[in-house]
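The structure appears below as structure tokens.
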Protein chains: 2
Amino acid sequence: MTIDDDSQIAVAKDISTKSNRSHVTSPQLIASPNVTIYDVASRAGVSIATVSRVLNGYSQMKPATRELVVAAMRDLRFVPNNSARGLSSGTKMVLGMVFLHSEAIDPGLEVEEDTLLFTDAVIRGAEEEASKSGYALLLGGVGKARVSETIDRMFSNCDGVILLDRTVPDRAIPTIAKRLPTVLLAGNGKSRSATTIRVDNEEPMKKLANHLVSVHGYSSFAFMAGIRTSPDSAAREMNFREEIARLGGRVETDSIWESSYTTSGAIAAIEARLKMDRSMPEAIVCANDQSAVGVIYALEHHGFRVPQDVAVTGFDDISLSRRITPSLTTVRQPFQELGKAAVEVLVRICQGEIKSGSGSRVLPTKVIYRSSCGCADVSESSVEKFMRGRG
Amino acid sequence: MTIDDDSQIAVAKDISTKSNRSHVTSPQLIASPNVTIYDVASRAGVSIATVSRVLNGYSQMKPATRELVVAAMRDLRFVPNNSARGLSSGTKMVLGMVFLHSEAIDPGLEVEEDTLLFTDAVIRGAEEEASKSGYALLLGGVGKARVSETIDRMFSNCDGVILLDRTVPDRAIPTIAKRLPTVLLAGNGKSRSATTIRVDNEEPMKKLANHLVSVHGYSSFAFMAGIRTSPDSAAREMNFREEIARLGGRVETDSIWESSYTTSGAIAAIEARLKMDRSMPEAIVCANDQSAVGVIYALEHHGFRVPQDVAVTGFDDISLSRRITPSLTTVRQPFQELGKAAVEVLVRICQGEIKSGSGSRVLPTKVIYRSSCGCADVSESSVEKFMRGRG
DNA sequence: TTGTAAGCGTTATCAC
DNA sequence: GTGATAACGCTTACAA
């Protein structure tokens with residue numbers, strides 16, 4: 001419908017030759033008198049098949065007929081019923097996105113707003129891309145135990161589904177993928193059953209390791225994991241450890257270095273570590289920015305200067321990382337692009353262009369050197385940046 | 001389906017007595033061999049009507065029969081087809097949320113991530129509440145000109161829709177509301193056709209005005225609007241102006257005080273203002289936190305100290321407002337609650353408990369005094385706060 | 001190029 | 001308490 005002109009709604013009611021359809025004497029209560037292809041057909045003087053053809057952009061039609069139908073659709077303000085479409089064709093033009101509720105990520109914490117950022121940005125990117133391709137995006141948040149409910153909803157409402165990392169137990173993925181085109185977001189990329197979209201964790205971690213060793217001369221390190229079972233965290237940790245080992249440095253191995261990806265978790269970890277040993281490694285590399293922020297807070301709280309006493313780095317490049325002091329050296333990850341890429345791939349799978357499970361797609365990342373690693377922060381000030389932004 | 005056990009999918013395939021249904025010789029290509037109520041019915045030895053009754057929690061059934069059906073559903077891993085349900089019953093168990101794409105809010109700007117916050121938090125709150133009520137949430141982002149496409153998608157996929165402020169021209173709302181239960185979020189509350197959920201802009205703005213005058217003794221002010229046509233911005237401005245007038249203060253009236261709700265917009269506005277007149281009012285009250293941040297940046301960039309030379313306040317209480325220096329005096333707005341409340345109301349409208357258009361619901365807000373207005377910031381440090389958060 | 005009619009998987013109205 | 005069966009609004013063979 002065209003929402004720019006309310007008056008036509010009246011027209012629709014007057015003209016509607018509703019129930020002209022031959023085989024019906026509507027027995028059900030119908031909430032709103034919705035216009036159907038029968039109405040359009042009878043107004044245009046054609047069959048419903050013809051209306052359907054117009055609706056689906058069937059090419060081999062007499063242009064005049066098409067015009068007629070289009071006009072009738074406009075006049076009656078016809079909006080196709082997607083349930084009927086979905087039922088008949090099996091295609092719903094809806095994609096699902098399964099993510100973790102914030103309480104599931106960090107229960108009990110008042111609010112850690114930035115935690116929302118990753119998922120939100122992905123959702124935004126996905127929605128934008130989906131709507132470009134004519135799909136709608138259905139949200140499926142999962143908390144403690146809602147997983148199977150949510151998955152069922154996806155099955156019954158969507159043509160395909162994007163599963164964010166850790167929303168669904170690994171072993172369930174093949175089952176899901178068997179039933180519905182599935183794309184994994186930020187998973188480990190090892191699933192044979194579904195395509196994975198993720199960022200490059202290898203190159204930037206090696207680069208970062210090299211930078212810390214060659215440029216700043218550090219040799220003792222710790223890696224603050226997010227959640228050890230998270231593929232991203234694991235990959236970042238592994239690549240960092242490997243490279244440091246290759247360069248002859250040492251990385252602590254204590255299991256205490258785990259933050260739940262949160263600021264508060266990182267603070268708690270540092271506290272715990274300090275109870276065991278007052279000394280600190282020369283540099284702490286974190287699996288994400290939020291924990292890096294926590295590490296910096298906690299270190300400074302206990303009298304360590306960053307980066308003079310201990311260098312700290314993050315991963316993500318959330319906006320906060322530019323604003324804290326010291327500004328955070330980190331790895332820029334294209335949040336929205338991840339969502340977009342996932343939808344792109346999923347749409348192509350749904351449309352049969354590519355088949356499910358075909359490998360993984362890796363998006364590039366970039367190391368951003370700011371001051372928390374010991375570099376001079378050469379980025380523009382916020383004001384300058386914003387001003388330039390205005391042209 | 002229960003996703004905890006992949007093996008049963010095999011069972012489903014073996015047992016399925018598909019196409020037992022009397023009246024069918026499936027002519028269409030069916031992508032996946034989905035289990036239907038026919039399969040369940042034949043496996044349980046009952047009619048499809050009985051299966052449907054179980055599905056809908058019909059109470060007057062022999063428990064034994066119910067058991068039988070439930071077992072069959074479990075065994076076959078039956079998931080009801082929502083398109084069919086929607087077609088037959090007209091109820092889709094899907095709610096729509098229409099919001100503005102970020103590019104529509106602030107085109108051309110690189111990324112102003114915090115801009116996302118309001119909408120994202122609302123979406124999260126809405127999704128959580130929706131899923132509690134058994135509904136799914138469908139996203140409908142609108143950019144430049146996608147409005148009517150998106151609205152159509154809502155019509156054809158949803159039982160009801162939440163319209164965020166400024167997503168749809170005012171005059172189109174009655175048309176939409178006539179066709180679909182509609183709730184307005186952060187609108188002006190004046191629509192007769194749809195219920196509005198919004199926050200209280202009156203009490204906190206009056207309180208703030210009083211605070212600035214009585215506690216700090218300011219008498220010259222400016223109000224940095226977001227977008228003048230935005231009901232929230234307008235309400236905040238009006239209430240502030242009224243109260244200041246009552247108290248005998250002055251508020252500038254130049255139209256230059258408008259930020260587009262963004263940091264960069266606020267900076268640009270301050271720059272423009274400075275070109276006209278080097279002096280500044282004693283206090284600048286902003287329609288949201290993002291613009292307050294821009295105001296502070298720009299003022300300090302030009303040698304003004306905040307709050308000593310100029311006091312600044314915001315609205316929203318985004319996490320950044322606690323972290324900047326000086327910390328921002330602002331009004332806390334319950335983002336997620338807004339989403340929740342909107343869904344709550346919408347669900348009740350959809351279920352016929354209350355009728356559409358019945359008044360508006362106003363959520364409370366709270367003034368948070370920090371240092372940018374001249375108060376001493378008594379809030380805990382970040383570290384302390386985070387630590388306490390851990391218990 | 002267009003029309004006829006079967007079928008998609010549910011719900012709901014009748015009977016029994 | 002349960003079973004037949006029509007109807008929901010659309011797509012798609014197949015026929016014309």
Side-chain angles (χ1 to χ4, degrees), chain A residues 18-42 44-66 68-69 73 78-93 155-157, chain B residues 18-42 44-66 68-69 73 78-93 155-157:
Chain A
K18 189 85 189 177
S19 292
N20 243 5
R21 61 189 84 168
S22 47
H23 62 297
V24 173
T25 36
S26 183
Q28 293 188 200
L29 289 197
I30 295 191
S32 61
N34 278 345
V35 179
T36 73
I37 50 171
Y38 285 90
D39 303 314
V40 174
S42 78
V46 300
S47 75
I48 60 162
T50 300
V51 177
S52 177
R53 286 188 189 108
V54 172
L55 219 46
N56 295 290
Y58 182 66
S59 56
Q60 327 215 323
M61 287 186 65
K62 207 152 77 185
T65 314
R66 178 189 304 280
L68 223 53
V69 173
M73 296 209 271
F78 168 72
V79 178
N81 178 322
N82 211 36
S83 293
R85 266 184 129 151
L87 178 57
S88 181
S89 72
T91 310
K92 301 157 163 97
M93 297 308 283
F155 282 157
S156 68
N157 281 309
Chain B
K18 189 87 188 173
S19 294
N20 243 5
R21 60 189 85 167
S22 47
H23 61 296
V24 174
T25 35
S26 182
Q28 295 186 201
L29 289 196
I30 295 192
S32 61
N34 278 345
V35 179
T36 74
I37 49 172
Y38 285 91
D39 303 314
V40 175
S42 78
V46 299
S47 75
I48 59 161
T50 299
V51 177
S52 177
R53 287 188 188 107
V54 172
L55 220 45
N56 296 289
Y58 182 66
S59 55
Q60 325 216 326
M61 288 186 64
K62 207 152 77 186
T65 314
R66 176 188 306 281
L68 223 53
V69 173
M73 297 208 272
F78 168 73
V79 178
N81 178 322
N82 211 37
S83 292
R85 269 184 126 150
L87 177 57
S88 181
S89 72
T91 310
K92 302 160 163 91
M93 298 307 284
F155 281 158
S156 67
N157 281 308

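Just so it is clear, the values below take in all heavy atoms, side chains as well, and ignore hydrogens, waters and symmetry mates. A, B, ... follow the sequence lines: proteins, then strands. Residue 1 opens every chain.
- Side chain of A:R66 to backbone of A:R53: no donor-acceptor contact under 3.5 angstrom is found.
- To the nearest 0.5 Å, atoms CD1 (A:I48) and CG (A:D39) are separated by 11.5 Å.
- If you take CD1 of B:I48 and C1' of D:dT5, they are 8 Å apart, rounded to a whole angstrom.
- A straight line from CG of A:N157 to P of C:dG9 spans 16 Å, rounded to a whole angstrom.
- Taking 4.5 Å as the limit, every side-chain heavy atom of B:L68 sits out of range of all side-chain heavy atoms of B:K62.
- With rounding to whole Å, A:L55 atom CG is found 16 Å from C:dT2 atom P.
- Across all strands shown, A:T50 has heavy atoms under 4.0 Å from sugar-phosphate atoms exclusively, and none from any base.
- The side chain of B:A49 lies closest to C:dA12, out of D:dT11, C:dG9, C:dA12.
- Within the nucleic acid shown, B:S83 has no heavy atom closer than 4.0 Å to any nucleic acid atom.
- Side-chain N/O atoms of B:S89 include none lying less than 4.0 angstrom from OP1 or OP2 on C:dT10.
- Residues B:M73 and B:V54 are in side-chain contact: their nearest non-hydrogen atoms beyond the backbone lie under 4.5 Å apart.
- The distance from atom OH of A:Y58 to atom P of C:dT2 is 9 Å, rounded to the nearest whole Å.
- Closest to the B:K62 side chain, of the nucleotides C:dT10, D:dT2, D:dC10, is D:dT2.
- Checking C:dG9, C:dT11, D:dC10 against every side-chain atom of B:N81, the shortest atom distance belongs to C:dG9.
- Of all nucleotides listed (D:dT2, C:dT11, D:dT11), C:dT11 comes nearest to the side chain of B:I37.
- As rounded to whole Å, 16 Å separates atom P of D:dC10 from atom NZ of A:K92.
- In this structure, of D:dC10, D:dT2, D:dG3, it is D:dG3 that holds the atom nearest to the side chain of B:V46.
- Ranked by how close their nearest DNA chain C nucleotide is to the 5' end, B:R53 and B:A84 are led by B:A84.
- In this structure, the side chain of B:N81 does not engage the main chain of B:T36 through any donor-acceptor pair within 3.5 Å.
- In this structure, B:Q60 places its CD atom 15 Å from C1' of C:dA12, rounding to the nearest Å.
- Across A:L55 and A:F78, no two heavy atoms sit closer than the pair CD1-CE2, 3.7 Å.
- At the heavy-atom level, A:V51 lies nowhere under 4.0 Å from the strands shown.
- Going from atom OH of A:Y38 over to atom P of D:dA7 covers 11 Å, rounded to whole Å.
- OP1 and OP2 of D:dG9 both lie 4.0 Å or more from every side-chain N or O belonging to A:N34.
- Across all strands, B:N82 comes closer than 4.0 Å to no nucleic acid atom at all (heavy-atom distances).
- Closest approach to the A:F78 side chain among D:dC10, C:dT10, C:dT2 is made by D:dC10 (side chain taken as heavy atoms from C-beta onward).
- Residue A:S88 has its side chain nearest to C:dG7 when only C:dG7, D:dG1, C:dT10 are considered.
- In this structure, B:R85 places its CZ atom 18 Å from C1' of D:dG9, rounding to the nearest Å.
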